[in-house]
Structures are given as C-alpha cells and as structure tokens.
Amino acid sequence: MHYTLESEVHYVKKMVLQAPWFKRNDYNIRLPNGIGDDSNEKNIYSAVSREFTHKKREFNVIRYALRKEIKKHQKVLDTFFMNFDYPLPKNIHVYFTMYGPGGSYYPPNKIIVVLKDSIEWILKMIIHESIHLIIEEPFIKKNNIRHWEKEALVDMLCMDSALKNLNLHYQKQPQTISLSGTSNLIKRMRFKKPPLP
C-alpha cells in the first residue's frame with residue numbers, strides 16, 4: 001500500500017488531462033483546491049503538497065486497520081479471485097489518493113483508491129478495481145465492451161454472493177442501474193465455477 005507525494009502529483013496531472021472525458025461520462029472528480037483544467041504542473045505540485053502531510057498521517061492509521069481487515073477476509077478474497085479463469089496478477093500495488101473519481105486501475109497490476117475513513121468502503125473499492133484489472137485485457141478489450149457496460153459488469157461481480165459479508169452495502173453506480181444485458185456478459189466470461197447470484 002502506497003501513498004506518496006510523487007504519486008499524488010502524477011495522478012492529479014492525469015485527472016486534469018482527463019477531466020473532459022470524466023465530464024462527458026458523468027463522473028464527479030475531486031481535484032485539489034484551486035486546481036482546474038488549465039492548471040500547470042507547478043500549481044498542481046503546490047496544491048497537492050499543501051494537503052499531503054495531513055493526509056499522510058491519516059493514511060498511516062487507515063493502512064494498519066485495512067491490513068487487518070484484508071487478513072481477516074483473506075480466504076474469501078482468495079477464493080473469489082481464484083474463480084476467474086483469467087491470468088491473475090501475482091501482486092496488486094494499491095496506491096491511495098485524495099483525488100479523482102473514487103478509484104482507477106492500470107493493468108497489469110496497479111490500482112488507485114480514494115483514501116476515506118471507511119475501511120469497508122476502501123475494501124469495496126479495492127475489490128472493484130482488482131476485478132477491472134483481471135478482466136480488462138482478456139475480456140473487456142477482446143470483446144469491445146463499452147465503458148458503462150464494463151462498469152455494470154464489475155458492479156454485478158462485486159455483488160456476487162461469495163462476497164456478501166464484505167460487500168454487504170455495495171451500491172451500483174447510478175449510471176449502471178438501468179443497463180440491461182449484464183447477465184449475458186457474465187455468461188460469456190470464463191470462471192472455474194459459475195458465479196452464484
């Protein structure tokens with residue numbers, strides 16, 4: 001688990017560059033105070049630095065509790081992820097941020113999750129973004145699945161009965177609720193055992 005000033009600055013620069021795409025796709029992204037579409041690297045570095053020290057202390061507290069929670073549910077998590085009949089990353093590098101839409105993923109093995117004070121919420125996002133990592137190359141890209149269909153698929157997988165004790169209050173993203181056909185997409189995926197509803 002990582003939370004560094006360098007990774008925060010890099011991620012905010014990415015968010016600024018991708019802001020038009022996020023707006024077109026109805027995402028609300030958080031940026032540091034005073035940062036907008038036209039901010040330069042110097043402004044971004046200053047804005048992130050102002051907020052970083054306080055959040056680093058928060059991260060150190062949350063990291064300990066999160067590790068404990070993951071260890072508690074390790075068997076369930078391993079069983080769930082091992083059921084995918086796709087290559088699994090050996091390790092997933094989890095980076096934390098204060099910015100962006102909630103989470104992001106960068107194949108083959110990097111995810112970024114917003115740092116919140118809810119361990120339950122963070123764990124849900126780690127699961128969500130990890131599913132993205134696993135299915136992106138062998139299923140999503142291979143089948144040219146559109147963005148919100150992909151998100152609906154991941155939402156549905158996050159609600160799998162195998163994760164019921166971890167994702168008890170998992171809520172679908174508003175943009176995925178009315179999408180149909182997600183069940184058909186799941187049927188086209190490869191699992192060692194079919195997931196339960």
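Note that this is a predicted model, so its numbers are computed, not measured.
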Search all heavy atoms of [X] against all heavy atoms of [Y] and return the closest pair with its distance.
| X | Y | value |
| --- | --- | --- |
| Leu31 | Tyr99 | C-CD2, 3.7 Å |
| Ser39 | Val16 | O-CG1, 4.5 Å |
| Ile35 | Ala47 | CG1-CB, 3.6 Å |
| Ile131 | Cys158 | CD1-SG, 3.7 Å |
| Phe81 | Ile134 | CD2-CD1, 3.3 Å |

More than 12 heavy atoms of other residues, nucleotides or ligands under 6.0 Å from [atom1] of [X]: yes or no?
| X | atom1 | result |
| --- | --- | --- |
| Tyr45 | OH | no |
| Lys42 | NZ | no |
| Asp37 | CG | yes |
| Glu51 | CD | yes |

(message) side-chain contact (heavy atoms from CB on, under 4.5 Å), that's the test. Do Leu166 and Phe80 meet it? Break it down for me.
(response) CA-CA 11 Å; Leu166 280 89; Phe80 174 76; over 6 Å; no

(message) Is it the case that the ring center of Tyr3 lies less than 6.0 angstrom away from the ring center of Phe59?
(response) yes

(request) Indicate, with yes or no, if the rings of Tyr95 and Tyr11 have centres closer together than 6.0 Å. (result)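 Tyr95 vs Tyr11: aromatic centres not under 6.0 Å.
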
Spacing of [atom1] belonging to [X] relative to [atom2] belonging to [Y], to within rounding of 0.5 Å:
| X | Y | atom1 | atom2 | answer |
| --- | --- | --- | --- | --- |
| Met125 | Ile127 | CE | CD1 | 11.0 Å |
| Leu88 | Leu133 | CG | CG | 10.5 Å |
| Ser130 | Ile92 | OG | CD1 | 3.5 Å |
| Phe139 | Ile186 | CZ | CD1 | 9.0 Å |
| Leu5 | Phe52 | CG | CZ | 5.5 Å |

(request) Please answer whether the main-chain N or O of Met98 pairs with a side-chain N or O of Arg30 as donor and acceptor at a distance below 3.5 Å. (result) yes

(message) Tell me if a side-chain donor or acceptor on Lys192 pairs with a main-chain N or O of Met82 at a distance below 3.5 Å.
(response)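 Yes; at least one donor-acceptor contact below 3.5 Å.
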
(message) Do Val94 and His2 have side chains that approach each other closer than 4.5 Å (heavy atoms only, starting at C-beta)?
(response)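 Val94 does not reach His2 side chain to side chain.
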
(request) Side-chain contact test, heavy atoms from C-beta onward, threshold under 4.5 Å: evaluate it for Lys13 versus Val9 and give yes or no. (result) yes

Expected list for residues 106-120: side-chain donor-acceptor pairs under 3.5 angstrom, two or more places apart:
{"from": "Ser118", "atom 1": "OG", "to": "Trp121", "atom 2": "N", "distance (Å)": "3.0"}
{"from": "Glu120", "atom 1": "OE2", "to": "Lys124", "atom 2": "NZ", "distance (Å)": "3.3"}

(message) Does either side chain, that of Ser49 or that of Ser46, offer a donor lying less than 3.5 Å from an acceptor on the other one?
(response) no

(message) Could you tell me if Thr97 and Glu8 have a donor-acceptor pair between their side chains, going purely by distance under 3.5 Å?
(response) yes

List the atom pairs, donor and acceptor, that lie under 3.5 Å between side-chain atoms in residues 61-73 and the rest of the protein, sequence neighbours left out.
{"from": "Arg63", "atom 1": "NH2", "to": "Asn60", "atom 2": "OD1", "distance (Å)": "3.1"}
{"from": "Glu69", "atom 1": "OE2", "to": "His73", "atom 2": "NE2", "distance (Å)": "3.1"}

Show every donor-acceptor pair shorter than 3.5 Å between a side-chain atom in residues 144-157 and any protein atom, with sequence neighbours excluded, or say none if there are none.
{"from": "Arg146", "atom 1": "NE", "to": "Glu149", "atom 2": "OE1", "distance (Å)": "3.4"}
{"from": "Arg146", "atom 1": "NH2", "to": "Glu149", "atom 2": "OE2", "distance (Å)": "3.1"}
{"from": "His147", "atom 1": "NE2", "to": "Tyr27", "atom 2": "OH", "distance (Å)": "2.8"}
{"from": "Glu149", "atom 1": "OE1", "to": "Arg146", "atom 2": "N", "distance (Å)": "3.2"}
{"from": "Lys150", "atom 1": "NZ", "to": "Tyr105", "atom 2": "OH", "distance (Å)": "2.7"}
{"from": "Glu151", "atom 1": "OE1", "to": "His128", "atom 2": "NE2", "distance (Å)": "3.1"}
{"from": "Glu151", "atom 1": "OE1", "to": "His132", "atom 2": "NE2", "distance (Å)": "3.3"}
{"from": "Glu151", "atom 1": "OE1", "to": "Gln173", "atom 2": "NE2", "distance (Å)": "2.9"}
{"from": "Glu151", "atom 1": "OE2", "to": "His132", "atom 2": "NE2", "distance (Å)": "3.1"}
{"from": "Asp155", "atom 1": "OD1", "to": "Tyr170", "atom 2": "OH", "distance (Å)": "2.5"}
{"from": "Asp155", "atom 1": "OD1", "to": "Gln173", "atom 2": "NE2", "distance (Å)": "3.2"}
{"from": "Asp155", "atom 1": "OD2", "to": "Gln173", "atom 2": "N", "distance (Å)": "3.0"}
{"from": "Asp155", "atom 1": "OD2", "to": "Gln173", "atom 2": "NE2", "distance (Å)": "3.4"}
{"from": "Asp155", "atom 1": "OD2", "to": "Thr176", "atom 2": "OG1", "distance (Å)": "2.9"}

(request) In plain terms, say whether Lys142 and Glu137 are close enough for a salt bridge, that is, a side-chain N and a carboxylate O under 4.0 Å apart. (result)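 Looking at Glu137 together with Lys142, the answer is no, because their closest N to O distance does not fall below 4.0 Å.
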
